[in-house]
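Counting starts at 1 for both ligands and their atoms, following the listed order. Not measured: the values here are computed from a predicted model.
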Amino acid sequence: MLARKTWALVSAGLIAPCLGRIFENVSELPGNLEYDFIVAGGGTAGLVVANRLTENPKFKVLVLEAGVSNVGVLDSEIPFLLGNLLGPTVYEWNYTTTPQSGLNGRVLDYARAHMLGGCSSHNGMFYTRGSADDFNRYAAITADSGWSWDQILPYFFKNERWSPPADFHNTKGQFDPSVHSTKGITSVSLPGFDWPIFYHKVLQTTKELPEEFPFNLDMNSGKPLGLGWRQSTIGDGMRSSSATSYLAPEFIQRDNLHILIHAQVSQLVDASNVAGKIVFGGVQFFQGISQFTAKATKEIILSAGTVGTPNILMHSGIGDPNALKPLGIPMVLNLPNVGKGIQDQPFFQVAWSVNFTQTLESITQNTTRFEKAFAEWNKSHTGPFVMFGPTHIAWLRLDPDSSIFENFTDPSAGLDTPHIELAIAPGIGLGPLPSPGNFLSIGLAAVTPVSRGSITINSSNPFDPPVIDLGMLQSDFDLFTLREALKSAQRFFKAPAWQDVIIGPTQNLENITTDALDAFIRETVTPTSHLVGSAAMSARDAENGVVDPDLLVKGARALRIIDASVLPIIPSAHTQAATYAVAERAADLIKQRWM
Ligand SMILES: Cc1cc2nc3c(=O)[nH]c(=O)nc-3n(C[C@H](O)[C@H](O)[C@H](O)COP(=O)(O)OP(=O)(O)OC[C@H]3O[C@@H](n4cnc5c(N)ncnc54)[C@H](O)[C@@H]3O)c2cc1C
Ligand SMILES: *[C@@H]1O[C@H](CO)[C@@H](O)[C@H](O)[C@H]1NC(C)=O
Ligand SMILES: *[C@@H]1O[C@H](CO)[C@@H](O)[C@H](O)[C@H]1NC(C)=O
Ligand SMILES: *[C@@H]1O[C@H](CO)[C@@H](O)[C@H](O)[C@H]1NC(C)=O
Ligand SMILES: *[C@@H]1O[C@H](CO)[C@@H](O)[C@H](O)[C@H]1NC(C)=O
Ligand SMILES: *[C@@H]1O[C@H](CO)[C@@H](O)[C@H](O)[C@H]1NC(C)=O
Ligand SMILES: *[C@@H]1O[C@H](CO)[C@@H](O)[C@H](O)[C@H]1NC(C)=O
Ligand SMILES: *[C@@H]1O[C@H](CO)[C@@H](O)[C@H](O)[C@H]1NC(C)=O
Ligand SMILES: *[C@@H]1O[C@H](CO)[C@@H](O)[C@H](O)[C@H]1NC(C)=O
């Protein structure tokens with residue numbers, strides 16, 4: 001319903017669809033489809049790469065994006081309305097997973113944005129970098145210290161533009177300025193709307209239960225453990241995506257940057273063998289039913305995301321011969337790890353009903369308040385619409401004496417790395433309410449999952465959807481972690497701070513057997529959409545992996561992968577910050593190569 005409202009505003013001319021140099025039809029592109037660099041996928045990472053490369057006026061860059069424009073899409077601009085972008089919409093690829101045996105055979109929707117800015121245009125806007133340990137482990141895996149925390153921090157800073165919250169409240173004591181940058185591109189800020197009762201009680205809990213929930217001034221310092229204020233990719237009360245930030249007016253005007261939307265890449269073409277390495281001359285893509293080929297004279301960069309990138313690779317004959325040969329796809333490069341070993345974090349939400357009305361329900365369940373909040377945002381980019389959902393996060397480790405460690409070695413990257421995320425919200429965000437009333441909720445995630453899945457294809461038609469198997473909850477470690485996460489959440493609301501407002505949990509999960517709890521978890525868990533690992537980086541001489549530490553495809557030349565697919569293990573965090581940092585560093589690697 002709200003999505004329709006947005007289109008009404010656009011078509012009534014109230015929001016000017018100013019597209020700059022974003023081209024909608026290949027026939028409008030100046031030139032002959034020959035570029036120095038072609039970026040396949042105008043998503044989170046792809047637009048970073050396109051922006052940074054076109055800082056050099058000598059580099060001509062073409063971005064091919066399958067999806068629609070983000071410009072004028074109010075549901076993408078207003079943080080509170082992100083739910084309207086999910087589900088089957090024009091902004092979505094509408095993927096589903098294979099039946100997940102760890103989830104009682106359920107088939108799940110798997111969100112992937114089909115729009116400029118990629119998932120940064122429709123994600124939950126959490127800004128969490130992960131732990132220093134996570135990046136130091138990437139450095140160890142790739143034998144390249146360039147991926148270590150100390151060397152990646154400058155790239156987080158290149159991306160980040162720390163910004164005031166929408167309500168301009170005093171943020172002293174809510175973050176550590178020394179681990180942030182005000183000079184980057186994408187806005188990051190603290191919650192810009194006050195929920196006074198809730199905020200007071202959350203912070204009170206860190207004092208009452210300091211062993212389990214110590215206050216952490218800044219979870220993005222490399223040491224995330226503890227409970228702190230959420231940071232979000234929001235600026236001036238609006239979503240800051242890679243499309244709104246890296247394609248801001250001052251960048252989109254560059255003559256050497258061409259963005260073509262509604263252009264779906266089908267495969268890499270013109271393969272030749274040069275000194276034992278495969279070189280592709282161009283990229284084949286479709287607009288509607290018309291097929292085109294764009295030529296790259298320097299490099300082709302795949303930034304189609306963790307689902308899209310392996311899909312393009314496999315349709316180009318790059319992958320596991322056992323998967324490609326039966327489909328009749330001619331082998332070009334034998335790389336058995338393409339699409340293998342993907343990871344996402346399992347998640348579920350629990351809620352408690354409360355007897356105060358200052359919760360999200362006061363807006364989501366009251367048309368008058370909802371319209372008022374909408375109008376306030378429209379007028380001044382303030383009010384409850386400047387954010388959505390959780391305002392604080394607790395990052396926790398499992399008890400080192402847990403019985404699970406008899407059977408599993410710790411999958412976390414180090415002792416400063418959480419196993420558990422609790423995202424604490426002043427209400428139930430998306431989804432239906434269990435009953436009328438007011439609620440508080442906690443989203444629980446196992447952020448160092450052991451389970452892995454795969455992206456494969458079962459058709460030689462590049463327009464058929466790839467087969468997405470998340471392998472969710474295949475490992476008992478992940479189930480154990482979620483059970484412990486739930487116990488932590490239950491203890492959180494047992495703190496004295498909450499006792500005058502908590503009525504009770506909306507479901508009784510407290511005194512049930514482990515088997516019953518496991519059954520509940522398997523029936524309830526969904527993925528967080530933080531997929532990584534379908535084209536993992538590994539050391540230069542390693543047999544496994546898909547790209548080398550410079551993100552060049554192994555066995556190929558002038559072909560790079562720059563997106564979340566290259567992360568070999570999921571960071572203990574939401575994944576956009578890591579994706580931005582990977583893209584910023586990779587753009588530098590390309591510039592160094594072509595100096
Ligand atoms: C619903 C949702 C909520 C999330 N919430 C958060 C959050 O709150 N915080 C956080 O940190 N992370 C979050 N994430 C994860 C985060 O957004 C992603 O990890 C990150 O954006 C991935 O970036 P990417 O560049 O790898 O891929 P994407 O951003 O997905 O970009 C890939 C682009 O390539 C395009 N493409 C794909 N195939 C083709 C093709 N064949 N031809 C042309 N174009 C193609 C796609 O349309 C897309 O625009 C969320 C993700 C989702 C889906
Ligand atoms: C692009 O423009 C050409 C020429 O004007 C037209 O024939 C074609 O249908 C257009 N393509 C799309 C996908 O709209
Ligand atoms: C996803 O579904 C919506 C609604 O049915 C549709 O409009 C959209 O085109 C679909 N997306 C793709 C990429 O096909
Ligand atoms: C909805 O909000 C309006 C305006 O704040 C208020 O007057 C009204 O009582 C609310 N309705 C309900 C059912 O809470
Ligand atoms: C937003 O503001 C414009 C004028 O700036 C107005 O025409 C429009 O109705 C407003 N929309 C909402 C939802 O308040
Ligand atoms: C460890 O594995 C053994 C044997 O499979 C099993 O009986 C036991 O329950 C496991 N422990 C935990 C904590 O899962
Ligand atoms: C490919 O897999 C999907 C499920 O992911 C299924 O719906 C489809 O029928 C399969 N196609 C073929 C050709 O096997
Ligand atoms: C909420 O309930 C508690 C008892 O559980 C009571 O002490 C308190 O006054 C109530 N608060 C409100 C605002 O009704
Ligand atoms: C669970 O059991 C404990 C101890 O018997 C009791 O105090 C608590 O109220 C129970 N919780 C629920 C939700 O029934």
Side-chain angles (χ1 to χ4, degrees), residues 1-4 6-7 10 17 19 22-33 40-43 64-70 73 75-76 83-97 107-119 121-122 258-266 284-292 294 304-305 307-308 311-312 350-354 434-435 439-440 442 459 461-466 468 483 486-496 498-499 501-514 516-517 520 529:
M1 197 181 85
L2 286 160
R4 225 176 288 133
T6 305
W7 284 113
V10 174
L19 293 183
I22 299 172
F23 298 91
E24 301 220 46
N25 187 315
V26 68
S27 67
E28 296 158 9
L29 277 178
N32 55 355
L33 284 177
L64 295 167
E65 166 56 45
V68 300
S69 171
N70 65 300
V73 180
D75 292 331
S76 181
N84 291 334
L85 301 165
L86 306 174
T89 68
V90 292
Y91 314 111
E92 258 294 330
W93 284 86
N94 308 322
Y95 290 136
T96 53
T97 67
V107 170
L108 309 167
D109 289 345
Y110 199 70
R112 291 288 98 182
H114 189 253
M115 84 194 286
L116 212 48
C119 295
S121 291
H122 81 162
H258 294 169
I259 315 267
L260 183 64
I261 57 175
H262 316 304
Q264 183 163 338
V265 172
S266 42
Q284 184 190 79
F285 67 95
F286 283 78
Q287 265 210 321
I289 53 161
S290 308
Q291 179 191 309
F292 304 91
V307 177
N311 191 39
I312 294 172
V350 281
W352 281 257
S353 79
V354 290
S435 63
F439 303 90
L440 306 178
I442 297 193
S459 153
N461 178 354
F463 287 89
D464 284 343
I468 303 171
R483 285 200 304 264
L486 177 63
K487 289 178 202 162
S488 273
Q490 288 164 339
R491 286 191 292 266
F492 184 82
F493 284 124
K494 290 258 159 75
W498 301 102
Q499 296 325 303
V501 294
I502 290 277
I503 295 167
T506 60
Q507 282 150 301
N508 183 6
L509 301 171
E510 235 164 78
N511 297 325
I512 64 176
T513 64
T514 301
L517 187 53
F520 170 83
S529 302

For atom 1 (C) of ligand 3, what is the closest protein heavy atom, and at what distance to 0.1 Å? N94 ND2, 1.4 Å

Within-cut-off N or O pair, Q287 and ligand 2, under 3.5 Å: no

The closest protein heavy-atom partner of atom 13 (C) of ligand 9 is N508 OD1, 3.4 Å

As an exercise, identify every atom of ligand 3 less than 4.0 angstrom from a heavy atom of H114. 13 (C)

Quick check: do L260 and V26 have side-chain heavy atoms less than 4.5 Å from each other? yes

Should the pair F286 and F463 be assigned to parallel (<30°), tilted (30 to 60°) or perpendicular (>60°) ring geometry? perpendicular

Heavy-atom nearest neighbour in the protein, as seen from atom 4 (C) of ligand 2, with distance rounded to 0.1 Å: S27 OG, 4.0 Å

Ion pair check, K487 and E510, cut-off under 4.0 Å: no

Do you know the tightest heavy-atom contact between A111 and L86? CB-CD2, 4.4 Å

W93 and H114 aromatic ring geometry - parallel, tilted or perpendicular at 30°/60° bounds: perpendicular

Suppose we measure from atom 14 (O) of ligand 2 to each protein heavy atom; which comes out shortest, and what is that distance? N25 ND2, 3.6 Å

So, N25 versus S27: side-chain donor-acceptor pair below 3.5 Å or not? yes

Could you tell me the residue and atom name of the protein heavy atom closest to atom 5 (O) of ligand 9, and the distance to it rounded to 0.1 Å? N511 ND2, 4.6 Å

Protein contact to atom 7 (O) of ligand 3 [nearest heavy atom, distance to 0.1 Å]: V90 CG1, 3.6 Å

Report yes if some heavy atom in the side chain of I503 is under 4.5 Å from a heavy atom in the side chain of V354; otherwise report no. no

State whether any protein heavy atom lies less than 4.0 Å from atom 9 (O) of ligand 3. no

